[in-house]
Amino acid sequence: MPWLALTLQVERSAAEAFSDALLEAGAQSVSLEVSGNVTAILSIDEDSNALIADAARAAGIAPPAFSAETLDDQDWVRASQAQFAPVAIGDRLWIGPGWHEPPGGRIAVRIDPGLAFGTGSHPSTKLVLAFLERTLRGGERVLDYGCGSGILAIAAAKLGAAHVDAVDLDPQAVETTRANASANGVELNSALPDALPAAGYDIVVSNILAQPLIVLAPLLAQRGARIAISGILEAQAGEVAGAYEPWFDMRLDAREDGWALLVGNRK
């Protein structure tokens with residue numbers, strides 16, 4: 001059966017939310033390109049215009065311009081798997097799907113593509129993974145707020161965190177995180193925000209988008225001794241950092257392909 005491959009022109013600031021929305025609307029797989037464009041694979045029978053309109057509405061953007069091409073079955077497999085190449089993070093961590101074997105000596109986190117976004121390939125995800133890889137030494141309490149696929153929470157657990165909580169507004173993300181944690185052989189608590197226990201954490205990480213991060217600043221500030229946040233364009237870093245300055249000494253810790261990682265220690 002042939003498949004339909006779409007390339008969609010989306011502003012960087014909206015690309016991640018739109019990718020999530022495409023998966024929820026019925027896309028078989030979605031990938032973010034370095035350019036900021038989004039690629040998606042759909043069933044050939046899918047109404048692409050309707051799916052894009054639904055996803056754009058959910059992401060709060062206008063339906064983007066796109067191009068389309070038809071793929072046969074074998075091309076679809078190659079295209080889908082090529083979107084999810086393994087990623088080495090720092091000296092210790094490896095992120096990859098189930099059809100790749102990790103190199104020896106690295107801590108492996110296996111994440112297959114699915115309904116919740118986050119396979120380790122997006123620059124903002126890599127920035128937070130790199131922070132965890134160089135920061136965690138074992139025994140920490142970690143909160144992943146906006147967990148998506150659970151990749152950050154699972155990486156924290158595999159890097160030795162003693163207790164990991166992962167929360168998301170999307171029940172599908174909560175279930176996906178729980179399933180991915182089980183597949184990786186780690187224990188963590190995955191729940192909706194209302195079920196988050198009243199506890200403090202050594203480290204809070206959140207890889208979402210700039211505006212939600214600004215809104216969440218008072219909530220996240222109550223939780224962590226140290227915070228690392230991404231999903232932020234470099235141009236947005238100053239505004240987001242300002243929202244956390246009442247509680248944390250914030251700094252721009254790293255950047256990649258126009259995305260920024262902010263890190264703060266409690267004042």
Side-chain angles (χ1 to χ4, degrees), residues 1-73 75-85 87 95 97-99 111-126 128 146-152 168-177 179-180 206-213 230-233 257-259:
M1 181 182 77
W3 300 83
L4 194 63
L6 307 181
T7 300
L8 304 108
Q9 299 170 17
V10 184
E11 291 290 333
R12 278 193 172 196
S13 59
E16 194 160 346
F18 183 60
S19 297
D20 277 334
L22 284 169
L23 287 168
E24 291 292 335
Q28 298 298 309
S29 67
V30 177
S31 177
L32 285 174
E33 299 176 355
V34 172
S35 65
N37 286 345
V38 174
T39 60
I41 295 177
L42 317 180
S43 166
I44 195 68
D45 298 325
E46 191 79 53
D47 184 337
S48 57
N49 287 299
L51 185 145
I52 292 167
D54 288 345
R57 185 164 50 251
I61 64 173
F66 68 94
S67 59
E69 63 175 316
T70 302
L71 304 175
D72 64 25
D73 277 339
D75 286 339
W76 177 83
V77 172
R78 286 192 294 270
S80 180
Q81 293 192 351
Q83 292 173 2
F84 304 105
V87 179
I95 314 293
W99 55 84
I111 300 289
D112 287 337
L115 290 178
F117 186 78
T119 59
S121 61
H122 190 266
S124 67
T125 308
K126 289 192 285 186
V128 186
C147 57
S149 67
I151 185 171
L152 300 179
D168 203 287
L169 291 169
D170 182 0
Q172 178 66 57
V174 171
E175 290 302 317
T176 299
T177 294
N180 284 337
S206 187
N207 178 35
I208 44 179
L209 294 171
Q211 193 55 43
L213 283 169
S230 194
I232 306 161
L233 295 173
D257 292 334
W259 298 86

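Values reported hereafter were calculated over all heavy atoms of this structure, with side chains retained and with hydrogens, waters and symmetry mates removed.
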Discussion item. As an exercise, state the distance from NZ of K126 to CD1 of I95, rounded to the nearest 0.5 Å.
Written reply: 11.0 Å
Worksheet item: For V174, does its backbone N or O pair with a side-chain atom of D168 as donor and acceptor, under 3.5 Å?
Response: no
Worksheet item: Among all residues two or more places apart in sequence or in another chain, which pass the side chain to side chain contact (heavy atoms under 4.5 Å, CB included) test with E175?
Response: R178
Worksheet, complete the sentence: Of V128, N180, N207, T125, the one forming a side-chain contact (heavy atoms from CB on, under 4.5 Å) with I151 is T125
Worksheet, complete the sentence: For L213 and S230, the nearest pair of non-hydrogen atoms, with its separation, is CD1-O, 3.2 Å
Worksheet item: Side chain of T177, backbone of G148: donor and acceptor closer than 3.5 Å?
Response: yes
Worksheet item: Do you know which two heavy atoms are closest between P212 and I208, and how far apart they sit?
Response: CB-CD1, 3.8 Å
Worksheet entry | Shortest non-hydrogen separation from A173 to C147 and the atoms involved | O-SG, 4.4 Å
Discussion item. If I compare all heavy atoms of A40 with all of L22, which pair ends up nearest, and what's the gap?
Written reply: CB-CD1, 4.2 Å
Practice prompt. Quick one: closest heavy-atom pair of P64 and Q9, and the distance?
Written response: CB-O, 3.2 Å
Discussion item. When you compare the side chain of F18 with that of L8, does any pair of heavy atoms fall below 4.5 Å?
Written reply: yes
Pair up each side-chain donor or acceptor in residues 47-57 with any protein partner under 3.5 Å, not counting sequence neighbours, and list the distances.
residue : atom : partner : partner atom : Å
D47     : OD1  : N49     : N            : 3.2
D47     : OD1  : A50     : N            : 3.1
D54     : OD1  : R57     : NH2          : 2.5

Item to complete: Taking side chain to side chain contact (heavy atoms under 4.5 Å, CB included) as the test, write out the residues that go with L233, two or more places apart.
Response: R12, S13, Q236, W259
Fill in: Flag side-chain contact, heavy atom, 4.5 Å: D170 against E24
yes
Worksheet item: Say you draw a straight line from OG of S124 to CD1 of I232; how long is it, rounded to the nearest 0.5 Å?
Response: 9.0 Å
Item to complete: Taking the side chain as every heavy atom from C-beta outward, state whether E46 and L4 have any atom pair closer than 4.5 Å.
Response: no
